[in-house]
Amino acid sequence: MAEQRSSPSMGARAVSSPVKRDDTTSPLFAGDIAGGSDEDDHRPFSRTRDRNRDRDKDSHRPFFLHLPNSLRSFLSPEDHRFSSLLSSHRIHLALLAFLLLIGLVLLPFLWRRLVSFLSNAPYLCIKEGITLRCPKAREPPSLWENPHSSTTSWKPCAERIEKPISDVPPENETNGYIFIHAEGGLNQQRIAICNAVAVAKILNATLILPVLKQDQIWKDQTKLEDIFDVDRFIEYLKDDVRIVRDIPDWFTDKAELFTSIRRTVKNIPKYAPAQFYIDNVLPRIKEKKIMALKPFVDRLGYDNVPPEINRLRCRVNYHALKFLPAIEEMSDLLAARMRNRTGSPNPYMALHLRFEKGMVGLSFCDFVGTREEKAMMAAYRQKEWPRRYKNGSHLWQLALQKRKEGRCPLEPGEVAVVLRAMGYPKETQIYVASGQVYGGQNRMAPLRNMFPNLVTKEELASKDELNGFRKHVTSLAALDFLVCLKSDVFVMTHGGNFAKLIIGARRYMGHRLKSIKPDKGLMSKSFGDPYLGWASFVEDVMITHQTRTGLPEDTFPNFDLWENPLTPCMCRA
């Protein structure tokens, strides 16, 4: 404000000061403006010297002294006409300077308004004489969804086009039967089922409904029909692959499929190509008629199978495999409660926090903790993974290397700092999908302090509401899966089938929903830099994660189909 008050007077002084200094006694006015005396006409050397002196002073002379004599006499300072004109000129200059100062002060505000208008307001365009409301030229960044302009170029296209006649032969005309055990947790089992359908198609075989094998960690006796809608599964795929619920009656010794080496194909490599099954598995199926494939985790590749087989796997994953209606309804209820926790509709974030004791141990990374905690973790690792643990002497260097490479799960406190750097406020509603966090409430305290609105399904639903799902651990995992899938923003903290299946499904649904995959290597480097300020850290996080929010990405060989179904399962819009 001080500048604004002083500017007009400063402008006036700048214009008037030369005139006040150069009065009629000045040599400039005596010789040039008054016209000089007759005596001067007879003093050539003196006149030349005066002219040279005057020429040296040109840069300091008022602008009117450079004009012709006729104009100079007309605009002489002694003339009242010049005084009036000069006075008016001073006023105009002062007013102009004042307006310029106001413009400089208001320029940032006007610029922000202009940018906001161009970013948010739809513009009008003319097409064939009709005024249309055109799409926005640019979208402002959003915490809760990806830009619409980045998510309209691809559409899902794995769903089967209806044909009048099925290309699946009758059961007795297929090459035989294949049977698999779907091992691991719920999402690993889901991938195994999709691969089993694809292999049955490759071999022109009949698929016996997979069995969910009891896992040492999950210790869950669950059948496929306890989790998934089996009737829909079989009906939806009837024109792709023949699927039967049970082993045929003519095969009397059913236990043989689980135990006999003669009925098992065991030499299937990981990510095997389609040709491997044709060359090595198909002859045995034709000979034995029924064969079990074991093990069957990640036993089919991505870039070494026909495109239609990859589309079939997406068709199974996104269209045929549906959870039971009771699970779907309960997940809808939990998602609705998340969006209305404050009494008014609001978006929510789902956080898959992988920091259970088993994950921390298996990672062989080093985490903050007391000496007692570290000693207990070392003993746990030695017991569970003796071959990897050895004598423990090499683990410190291994832990440092893994952290630099971004292969360690993020701690709850680290997740909190990353989310705040991304701009998510303290009031953000967060659904936590997690097992028992290693370290308990003490380890969760930093995350809860920064984001107090953290809830789990146990806090959203009553005990009675969840009792029906407690019979099967995989049912509870299915609830977490669906609530995360329906969230406005999904954040993973470590790899695994749960996270990549959700990210892949959200991409398949149109890439609009954000699926944040933190750059753990960058985070490790930043957290270890004592000189990195908060502003620089925020800038690093924002720039790095612009492309890590589930936007379309072209696939490449050996890319995980479940996390990025773009090329094989989606088409250009």
Please tell me if the side chains of [X] and [Y] come closer than 4.5 Å, counting only heavy atoms from C-beta onward.
X      : Y      : answer
Leu419 : Thr428 : no
Val417 : Met450 : yes
Asn317 : Arg190 : yes
Val489 : Leu513 : no
Asp480 : His352 : no
Ile243 : Ile208 : no
Val305 : Tyr271 : no
Arg572 : Ser153 : yes

Compute the ring centroids of [X] and [Y], then answer whether they are less than 6.0 Å apart.
X      : Y      : value
Tyr348 : Tyr431 : no
Tyr424 : Trp144 : yes
Phe323 : Phe228 : yes
Tyr508 : His319 : yes

In Å, rounded to the nearest 0.5 Å, how long is the span from [atom1] of [X] to [atom2] of [Y]?
X      : Y      : atom1 : atom2 : answer
Gln429 : Asn453 : CD    : CG    : 4.0 Å
Leu143 : Met349 : CG    : CE    : 8.0 Å
Leu333 : Leu460 : CG    : CG    : 9.0 Å
Ile178 : Phe296 : CD1   : CZ    : 6.5 Å
Leu293 : Leu203 : CG    : CG    : 8.0 Å
Ile227 : His472 : CD1   : NE2   : 6.5 Å

Just by distance, do the side chain of [X] and the backbone of [Y] share a donor-acceptor pair under 3.5 Å?
X      : Y      : result
Asp229 : Pro325 : no
Arg507 : Ile502 : no
Asn146 : His511 : yes
Arg506 : Ser487 : yes
Thr544 : Val541 : no
Arg313 : Cys194 : no
His545 : Ile516 : no
Ser526 : Phe537 : no
Arg339 : Pro345 : no
Ser434 : Leu353 : yes

Is it the case that atom [atom1] in [X] sees more than 12 heavy atoms from other parts of the structure closer than 6.0 Å?
X      : atom1 : value
Trp396 : CH2   : no
Lys374 : NZ    : yes
Met376 : CE    : no
Glu458 : CD    : yes
Lys294 : NZ    : no
Gln397 : CD    : no

Does this structure show an ion pair linking [X] with [Y], if we count only N-O contacts that are shorter than 4.0 Å?
X      : Y      : value
Asp240 : Lys201 : no
Glu465 : Arg470 : no
Asp366 : Lys402 : no
Glu414 : Lys520 : no
Asp226 : Lys471 : no
Glu235 : Lys322 : no

If you look only at pairs with a residue in residues 415-525, which of them pass as a disulfide (SG to SG under 2.5 Å), with sequence neighbours excluded?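 Not a single pair qualifies under disulfide (SG to SG under 2.5 Å).
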Which atoms form the tightest heavy-atom contact between [X] and [Y], and what is the distance?
X      : Y      : result
Val538 : Ala421 : CG1-O, 3.5 Å
Gln441 : Arg448 : OE1-NE, 3.8 Å
Leu485 : Met509 : CD1-CE, 3.9 Å
Val368 : Arg443 : O-NH1, 2.9 Å
Ile327 : Leu479 : O-CD2, 3.6 Å
Thr456 : Val432 : CG2-O, 3.8 Å

Is Arg420 close enough and on-axis enough to Phe451, meaning under 6.0 Å and within 45°, for cation-pi?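 Yes, Arg420 and Phe451 form such a contact.
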Lys514 NZ/CZ over Phe490 ring centroid, <6.0 Å and within 45° of normal: no
Thiol sulfurs of Cys569 and Cys314 closer than 2.5 Å: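 The answer is yes, since Cys314 and Cys569 bring their SG atoms under 2.5 Å apart.
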Check step by step if side chain to side chain contact (heavy atoms under 4.5 Å, CB included) holds for Lys223 and Leu212. CA-CA 6 Å; Lys223 297 179 180 179; Leu212 305 185; 6.0 Å; no
Checking ring pair (Phe, Tyr, Trp, His ring centres under 6.0 Å) against Tyr380, which of Tyr389, Trp385, Tyr438 comes through?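 Output: one option passes, namely Trp385.
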Does the pair Asp540 and Lys525 meet the rule for a salt bridge (Lys or Arg N to Asp or Glu O under 4.0 Å), with working shown? CA-CA 11 Å; Asp540 288 349; Lys525 179 182 177 182; over 6 Å; no
Check against side chain to side chain contact (heavy atoms under 4.5 Å, CB included), Leu300 and Tyr277: CA-CA 9 Å; Leu300 184 62; Tyr277 285 92; 3.8 Å; yes
Determine, stepwise, if the pair Val316 / Phe233 fulfils side chain to side chain contact (heavy atoms under 4.5 Å, CB included). CA-CA 8 Å; Val316 179; Phe233 175 70; 3.9 Å; yes
Polar side chain donor-acceptor pair, Asn195 to Arg299, under 3.5 angstrom: no
Walk me through whether Ile191 and Leu501 qualify under side chain to side chain contact (heavy atoms under 4.5 Å, CB included). CA-CA 9 Å; Ile191 292 175; Leu501 280 170; 4.2 Å; yes
